[in-house]
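Taking it in order: structure first as structure tokens, then the write-up.
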Amino acid sequence: MPNQSILKYIAVAVVSASSIAAAQTVYSTNSGAFMPANPLPDFSQPQDNRSGSNILGLNKLVMPGQTPTHNLALQQQTNILPDQYGKPQQLPVSQGQLLPPPQNQNIAPLLPQQTKVNPAGAIKFDSQQANLNNNTASFNFGNNEETNSLKPALRQDKSLEVDTSALRFYAAQRDLQRVGIEMRRLQAAHPGWAPPPDLFSPQQKIDEQPLWDLFATGSYDRVRAEITEIKSLHPEWLPSEDLMQKLKVAEARTSLERAFGFGDWASVISIASREPNLLVCEELQSLWYLGETLARVQDYQRSFDLYKYILSTCDNTEERFATVQKASLVLPSNGFQALVQLGKTLPNGLSEFEDISYDIMRRQLGEITKNGRDLFNQVDQTQLQKYANFAVKSGNPNDLGLLGWYYYSQEEYEAAKAWFLTGARINRDPKLVEGLILSLRGMDDHISAFDIAKTQRKTSDEINDQYIQIVSSSLTDEDIELKLSEKSMTQFEDIVMDAESALGAQSIGWHLLDEGELDDARDWFSQSIKWDVNEEAVIGLAVRAARAKHHRTLRSIIRKYGDEYASLKKFR
């Protein structure tokens, strides 16, 4: 039997947003960026992986006046890293004060007070944006006739055969008293019904187990065929009501999934309206399909009602979270935010759906990070601060890292460093450490960047590349005050060879050329070209040949690479 609660009127409750004590976040007067404040850690200390946390001298983020809690259970796995970086756009400077979280922000309308007018009035849609005409089947999770905006639906299919299994059982037992009671009950429930003429005829015992075995494999057509075959041999036999009901629902589920896969939205809606047993918590996937379908046909009101029904009826935490995730992808922003208000308050004081409520912000920041889009046109400053406060309080390294990459893409290196550092204190993810190194280099703090890259280079190829780049820059750029000892230089050469780094090889070549070691310089330039032909190494070979007065070698280099590198024309 279908879940009868789905046919009852779901009263609209007033849901207040949970009170969230926001962590304080520093607003830099230099860049106008929201960022936490932390000193550099000692990256030479070993990693402690016993609890999955990252121990860099601290287990928790210590912010000004606060020790935030870490809600790692609700971490949204985002790993958005920049492919390219645009030019910076600075937030307005706010006199350097600590900004508290915005108060009384009307982000999205709360659900209305209980009313007899519109139980789904939590969201309103522009008629040009949403087609709410009754051109599809209506889904009202209730039977309140006073509701004008939604029409009754999800009625029982009256074509169902009358269940006479109990009557036949009593007849087989020759329990005439119970037979009479059951007959009167069926006649009252189904006016015009008459008892079958073969009620007291001997019933053939048929083992249904093979049918159930077929049903378990999903071979519903074969189950139907077997039932027809058995009935042809035993006309008086009837399959159990349990089997027939489950078969009917399974066939409807399969048809709905197939229609959804083909994008046949009208069929999805039609199938769901005919089979109310699909619209229960046990059939959550069908509910999700229907919710997305309604949104795709721009019937946002009923799509919202369906997602709201799931959250008001189903208790599984993971499924509730997944429901809001799916709704965030198809509902307009105000409808999604209204669903978020239905979240339960967790023991740590956060809302059940607070983490996912920032998914839209995450997508915005990820897009800006990759495309370098203008800050003022894309991100609301108040919402950005709220997200920053949440990231610090929840302690989610993915959120902290995303903020780091966002500010790095805007060339706000001080803010980027602070966010990467805060994330690395919780989880020494190599991507967070890589971001920290890049930010330090952007700040021209090459010594700190070198120290971290040197101790962490074995944790990822990217950090190893950073180490090679830092040392290479120090060998070819006099403005970088980073000097390597003879031992460190020998170690660097080994690292370059292991990594087959063309950049590292040509930088060593230029260093040796400056030292007057022409033959060794030639070998490193040649090795660089062997790994990857590049202009710096080719020019290095030409310079070395010119200094050694090897004119034939120089002419050979010019002939081979002159068409590709115009700077070789300067050599004579």
Side-chain angles (χ1 to χ4, degrees), residues 1-7 137 139 153-169 172 196 198 202-294 296 306-307 309-310 313-323 325-326:
M1 295 298 290
N3 186 347
Q4 296 300 321
S5 64
I6 197 172
L7 302 178
F139 290 86
L154 305 181
R155 298 185 177 125
Q156 294 290 338
D157 188 347
K158 294 183 179 179
S159 66
L160 287 175
E161 296 183 10
V162 176
D163 183 5
T164 60
S165 56
L167 180 64
R168 289 189 177 278
F169 174 78
D198 62 346
Q203 298 294 307
Q204 179 71 32
K205 286 286 186 179
I206 301 296
D207 184 10
E208 272 193 357
Q209 189 57 48
L211 297 176
W212 284 106
D213 293 341
L214 276 177
F215 177 85
T217 66
S219 304
Y220 306 131
D221 291 341
R222 291 183 60 191
V223 175
R224 290 283 185 188
E226 287 295 322
I227 290 174
T228 301
E229 178 67 20
I230 294 173
K231 286 181 69 67
S232 68
L233 299 175
H234 308 281
E236 74 285 357
W237 174 78
L238 288 174
S240 68
E241 180 65 21
D242 186 33
L243 175 61
M244 296 308 296
Q245 182 64 24
K246 285 183 170 59
L247 181 59
K248 180 171 179 287
V249 173
E251 289 172 333
R253 182 196 310 119
T254 301
S255 297
L256 187 146
E257 291 176 354
R258 185 180 300 113
F260 182 86
F262 283 109
D264 186 355
W265 313 128
S267 293
V268 171
I269 295 170
S270 177
I271 293 167
S273 66
R274 293 196 308 269
E275 184 47 71
N277 286 308
L278 284 178
L279 306 182
V280 294
C281 295
E282 291 75 12
E283 297 287 345
L284 194 60
Q285 185 61 65
S286 296
L287 285 169
W288 287 339
Y289 284 146
L290 180 58
E292 181 175 342
T293 295
L294 291 170
R296 284 181 178 272
L306 187 140
Y307 289 120
Y309 163 76
I310 296 173
T313 308
C314 306
D315 295 325
N316 184 283
T317 300
E318 293 181 358
E319 292 175 349
R320 288 167 58 84
F321 192 82
T323 296
Q325 278 185 313
K326 292 177 181 295

Worksheet entry | Those residues that, when tested against Ser232, pass side chain to side chain donor-acceptor pair (under 3.5 Å) (two or more places apart) | none
Response to the item:
Residues at least two apart in sequence or cross-chain that pass side chain to side chain donor-acceptor pair (under 3.5 Å) with Asp264, listed by chain then number, are Ser267
Nearest 0.5 Å, please: how far is [atom2] in [Y] from [atom1] in [X]?
| X | Y | atom1 | atom2 | result |
| --- | --- | --- | --- | --- |
| Asp213 | Glu226 | CG | CD | 11.5 Å |
| Leu233 | Lys231 | CG | NZ | 11.5 Å |
| Leu287 | Thr313 | CG | OG1 | 9.0 Å |
| Thr323 | Arg320 | OG1 | CZ | 8.0 Å |
| Leu306 | Glu292 | CG | CD | 12.0 Å |
| Lys246 | Glu241 | NZ | CD | 10.0 Å |

Worksheet item: Has the side chain of Glu208 got a donor or acceptor atom that lies under 3.5 Å from a matching backbone atom of Ser240?
Response: yes
Item to complete: Determine yes or no for a side-chain-to-main-chain donor-acceptor pair under 3.5 angstrom, with Arg253 supplying the side chain and Leu278 the backbone.
Response: no
Discussion item. Could you go through Tyr307 and Leu294, starting from their C-alpha distance and side-chain angles, then the distance that decides it, and tell me whether this counts as side-chain contact (heavy atoms from CB on, under 4.5 Å)?
Written reply: CA-CA 11 Å; Tyr307 289 120; Leu294 291 170; over 6 Å; no
Fill in: Ionic contact status for Lys248 with Glu275, cut-off 4.0 Å
yes
Decide if atom [atom1] of [X] counts as having more than 12 heavy atoms of other residues, nucleotides or ligands within a radius under 6.0 Å.
| X | atom1 | result |
| --- | --- | --- |
| Asp221 | CG | no |
| Glu318 | CD | no |
| Arg224 | CZ | yes |

Worksheet item: Less than 6.0 Å separating the ring centroids of Phe260 and Trp265?
Response: yes
Fill in: Atom of Ala272, atom of Leu290 and distance for their closest heavy-atom approach
CB-CD2, 3.8 Å
Fill in: For the student: nearest non-hydrogen atoms of Ile271 and Ala252, plus distance
CG2-O, 3.6 Å
Worksheet item: Should Thr217 and Arg222 be marked as a side-chain contact (heavy atoms from CB on, under 4.5 Å) after you check the CA-CA gap, both sets of side-chain angles, and the distance that decides it?
Response: CA-CA 10 Å; Thr217 66; Arg222 291 183 60 191; 5.7 Å; no
Discussion item. Angle between ring planes, Phe215 versus Tyr220, binned at 30° and 60°: parallel, tilted or perpendicular?
Written reply: tilted
Worksheet item: Taking atom types as modelled, is there a side-chain donor on Ser270 or Arg274 under 3.5 Å from an acceptor on the other?
Response: yes
Fill in: Verdict with reasoning, Ile230 to Leu211, per side-chain contact (heavy atoms from CB on, under 4.5 Å)
CA-CA 11 Å; Ile230 294 173; Leu211 297 176; 4.2 Å; yes
Discussion item. I'd like to check Glu283 versus Val249 (side-chain heavy atoms, cut-off strictly below 4.5 Å). Are they in contact?
Written reply: yes
